[in-house]
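Report on one structure; see the data block that follows.
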Amino acid sequence: MLGVFLPAVALTLGAFSYQPLEYSLSLDLPEMSQADMQATDPEALHEVSIPDYVYTIQPGDTLSTIFERLGVSQKQMYEVLESDVSILALDTLKPGDRLGFWLSQDRLEQLELRFSAAHQVVFTRAGEEAFEYRDVRIEGDWKEEVVAGEIHGSFYTSAKRAGLTDAEVQRVSALLQDKINFRRDLRAGDQFQVVRARQYVDGEATGNMRLEGLRVLNRSRELTAFMFDGHYYDLNGESLARAFMRYPTKRRFRLSSHFNPYRKHPVTGRVRPHNGTDFATPIGTPVMATGDGVVTRVTRHPYAGLYIVIDHGEKYRTRFLHLSKALVRKGQTVSRGQKIALTGNSGRSTGAHLHYELHINGRPVNAMKAPIPVADAVGDEDRVAFNALKDRLLSQMATPQG
Ligand SMILES: [Zn+2]
């Protein structure tokens, strides 16, 4: 574990958006007092693992003002941003997240973004004008709980009343969208059960949750979904997700730059991972969602340009950079093959192209080669394990304890 931090303030507001003159976390800029910047024990200053300052993000903060307050130059902030283009972690900061700064005078040696006990991103100085990043993820323990309820009114209000979050309601609807029309088919008195798991690291809840299984009893029908090896299957082991597409465009374009986690910067010679695949697309080429999912981000970044992030369930995520136009909004559900954007040349880009990323369990992988969901059903070799999981989840649903 890197760094020692102060207790977080739980806040849910705030968004991180780029403005031309200043990298901004939100709209208004509150006055920050020196007390907001808490120095750690001076005895520990020479210990690499303890930051000199920690700061908890407040609504309205900008990265610029936080750096200014600590006397760290905007030039160094942009050097961090340049490293961040490979991971785009700064854009996901929200109130309550914590920043840890390691400084020598006004020189930034290391910056840690602490999103939760389970996830940190650390930028470490790598030479005079550059930073390298590490993405630290801790699996922790997942504790299961059952959420059960009955339909009275819409599925949304019934599920919320039972204790599901907006994201979970959306996930359930997306999983069963081909099987049931939630508006038309549900009747008062229909029942639903969800087994979800919450993540804990060292006893601290990280805020991460995942749906392990669910069942909707709709009159005489039983609709089910069980997560097995990162995919959802029904009672019979048939896949609920449609297969992914390998390419995000209708036409095939030349690959102008391959996925390469060890790519060296042409000038500095330092490792600057290329976490995506570049296609030589003319500006305005339609971009398609490669799988069913939910748009979780439509953002501008000084280097990545206009970009879109789509979450495809718990395991898969895709990102599309340097766009000219977004055709979807944050929170929108999209289906495989749906037009989501037009390509462009925004951000720092050497020419018009589409940069496409596929992440599995939070890690970028080669989208051209990685195993993508193509299976339609649980394989014969996995049947015994799948059936055991299914039986365990069903028996939990049968005896909901809240
Ligand atoms: Zn690229």
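Along the sequence shown, the residues carry numbers beginning at 1. Counting starts at 1 for both ligands and their atoms, following the listed order.
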message: Please tell me whether His119 and Thr206 have a donor and an acceptor in their side chains that are separated by less than 3.5 angstrom.
response: no
query: Among side-chain atoms of Thr124 and Glu132, is any donor-acceptor pair under 3.5 angstrom?
result: no
message: Assess whether a salt bridge exists between Arg392 and Glu144, defined as any Lys/Arg side-chain N lying under 4.0 Å from an Asp/Glu carboxylate O.
response: yes
message: Please determine whether a side-chain nitrogen of the Lys or Arg among Arg187 and Asp190 lies less than 4.0 Å from a carboxylate oxygen of the Asp or Glu.
response: no
- request: Run through the protein N/O/S atoms less than 2.8 Å from the Zn ion (ligand 1) and write them out by chain and number.
  value: His274 NE2, Asp278 OD1, Asp278 OD2, His355 ND1
- request: I would like to know whether Lys143 and Asp141 meet salt bridge (charged side-chain N to carboxylate O under 4.0 Å, His left out); could you show each step before the answer?
  value: CA-CA 6 Å; Lys143 291 186 187 154; Asp141 304 309; 5.9 Å; no
- request: Check whether the ring centres of Phe67 and Phe101 lie less than 6.0 Å apart, and answer yes or no.
  value: yes
